[in-house]
Each structure stands twice: as C-alpha cells, then as structure tokens.
Amino acid sequence: MQMTKTLGEFIIDCQAEYPEATGALTNIFSAIRLAAKIVHREINKAGLVDITGAAGLENVQGEQQQKLDVYANDKFKAALAARGDVCGIASEEEEEYVYFEEGHSPDGRYVVLMDPLDGSSNIDVNVSVGTIFSIYRRVSPVGQPVTAEDFLQPGDQQVAAGYVIYGSSTMLVYTTGNGVNGFTFDPSLGVFYLSHPNMRIPQEGKIYSINEGNYINFPAGVKKYIKYCQEKDAATNRPYTSRYIGSLVSDFHRNMIKGGIYLYPPTHSHPNGKLRLLYECNPMAFLAEQAGGKAVAGPDQRILSLQPTELHQRVPLVVGSTTMVEKVESFLREDQ
Ligand code: P6P
C-alpha cells in the first residue's frame, strides 16, 4: 500500500507550485503542526495530570479559563513566536493582540489569530474540542510594532485558515484558498497524514446544529427554520436530525463531511451571537466557502465580507451546506 503524503510533504509540494513563495507559510504551518501535537498529547492525558478544571482565571470573555485553555494558548503562542515569519498574534485568551518583540520575529510579515482551545468546557466530560486559526499578511510596515489594523482585516483577506480537532482521532484541516484538505495524526509516529484530500461540503444535508435551549429568544426566522427542520416531508428528507456537540469545531467538522448546518443566532445572553468574528467565524467561513459551502451572519451578510471593528467582536453565524444556509436566509428575510 502506497504511504499517503504527510502534512509536511503536502505543504512543500503546494509551495513548489508558487515559485515566488518564500516558505513563510510553510514555517507557520510547521509551528502550528508542532503546537497541535503538544496540545494533542496533553488533552489525551488531561484526566491523569490534573490539567482539566478551571485555572481559577477568567478570560477576556469573563469565561472560566480551563487550564488547558491557558496551556494551549501558551504552546501555540510560543511555537509561532519562534518563527521569524510571524510578527504577532491575537487570541481568545489574550485581552490585547501580542507583538513579538525583538529576538522573535520583528521582520515577520504575517499575523495569526486563534482560538487555542475552542469548546474547552467539554474537556472535563471528555468531549472533543478544537483549535481554530486564521492567518493574514500584516498591513502595517514591516519591522514596526503590529497595529490593530493588522488584525481587523475582513475575512476575505485571509491567507490561510484551519482547525485542529482533538476527537476520536486528532485531525488538522486547512485551506490556503485552493480547496480544503484534512490530515489525520498518527500518534505512534507523530505524523499527520493526508486522509481527507479536497474536502467538499455536500450542497444538501440532513443535520442541523443549534442550541435549542435558547429557542425562546431566537429571531422569528430562526424559530421558523427550526420548525421547518422538524416537519415531515419525504421529498426534502425532513424531518432533519438534530446534532449539537457544543463544540464548534466538532459540529462544523461533522457537517463538513456529512452535510449539515450550524447556527449560533443572537440570544438573550449574546444579542450579537456568541461566536467571535476574527478567530472563529472568519476561519470557519473561509473553510466552508472553499469546500463549496456558505457562511453568513444574517440574510445577504456574507461573513468574509464583514469589516471587523473590535478584536473580540461577536457576530451571529449560520454556516454549512449552501442550500440549508440559503433556506435560513429566506426565513430571516421574511422578518426584515
Ligand atoms: P452554547 C464553545 O464555548 C463555543 O464557543 C462553540 O465551540 C460552541 O459551538 C458554542 O460556544 C456553544 O455555546 O451557548 O450552546 O453552550
């Protein structure tokens, strides 16, 4: 049996297609790959070394920081800082963006935005979690400290985006704007292998993912869509199946493979939605569109076109199979 490509081989082959490529992205992905392996190792023994449970701190969102949240943030930040190509990062776990001072990467031309451990409240109950990352070229002068503008770029400016899902297996899924490819980690060899080449989201799906506990406060169009999913109609494969893991990366990954839709609409506690535009919605939207899907914040509000205004800005998210997202948009338009 021919051995499939490793992530490293795949990235180098892709770089070879761009003679002008400097190898910077290759270096950045090498850092992400290393940090993912380290976080994988700790997640898979969390129950044994008491690094689950809240670290007693709160992150900028006022959420209890799980020790692994902090651990993952530190590992990804350190790995990226060690690469000369990254001049700064923004993270769900950091109140402000971080400039990599002297000795790290003052000449770096890229910034990385990340949610180092999304869904971390699931760790204590052994449910899969993920890392989400988004990569941009800096817009401020090289060699100078990074500025807010480097991080507040529309999602369409992303150079690359992806996630690591720490589930029944650990996978790294990413895009650089030429499709989406998935790599599965073999812990016995410490290598990611290409397992899901050219991932495509089915145009149609039968799975909807939403926290129906918030139903009372959903916009009317979302309530109508939920009822639409639950109606019996053989011609359109309804009723659909409800699946909600409470971990964006896991729900998104399943919908990527099987087809489906994930929604986090405005709720009473999160009137602008709960998910963050910069390091959750934009990278997932880039992946979705590259795989043939769609991602909007509302009717005709393409996520990747939004102009960010704040680092931890939240927006509503509807993402997944194009036909399903467009159905939600039609219900939401009726209420405009
Ligand atoms: P709720 C995890 O905190 C997260 O950001 C996503 O991973 C997940 O889909 C969502 O929030 C879950 O939020 O309000 O349904 O518990």
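Numbers for residues simply follow the sequence, beginning at 1. All ligand and atom numbering here is 1-based and tracks the order in the structure.
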L248 neighbourhood, listing ligand 1 atoms whose heavy-atom distance to it stays under 4.0 Å: 6 (C), 7 (O), 8 (C), 9 (O)

Ring centre gap for Y110 and Y136 strictly below 6.0 Å: no

Where S250 and V129 come nearest, the two heavy atoms and their spacing: OG-N, 4.4 Å

Any N/O pair Y264/ligand 1 closer than 3.5 Å: yes

Geometric N/O contact K274 with ligand 1, under 3.5 angstrom: yes

Contact atoms of ligand 1, heavy-atom distance to Y262 under 4.0 Å: 8 (C), 9 (O), 10 (C)

Enclosure of L189 CG (heavy-atom neighbours >12, cutoff 6.0 Å): yes

Close approach, D251 and ligand 1, non-hydrogen under 4.0 angstrom: no

Pairs where residues 191-201 contributes a residue and the test side-chain hydrogen bond (donor to acceptor under 3.5 Å, both in side chains) is met, not counting sequence neighbours: T184-S195

Quiz item: cation-pi between K327 and Y228, 6.0 Å / 45°: yes

Min heavy-atom dist S121 to ligand 1 below 4.0 Å: no

Whether H270 lies under 4.0 Å from ligand 1, heavy atom: no

Non-neighbouring partners of E204 that pass salt bridge (charged side-chain N to carboxylate O under 4.0 Å, His left out), sequence neighbours left out: none

Within reach of ligand 1, part of L275 (heavy-atom separation under 4.0 Å): side chain

Numbering as shown, the atoms of ligand 1 that approach Y244 to under 4.0 Å (heavy-atom distance): 1 (P), 9 (O), 10 (C), 12 (C), 13 (O), 15 (O)

Interfacing atoms of ligand 1 (cut-off 4.0 Å, heavy-atom, E280): 5 (O)

Closest approach of K223 to Y215 (non-hydrogen atoms, all atoms of both residues): CE-O, 3.0 Å

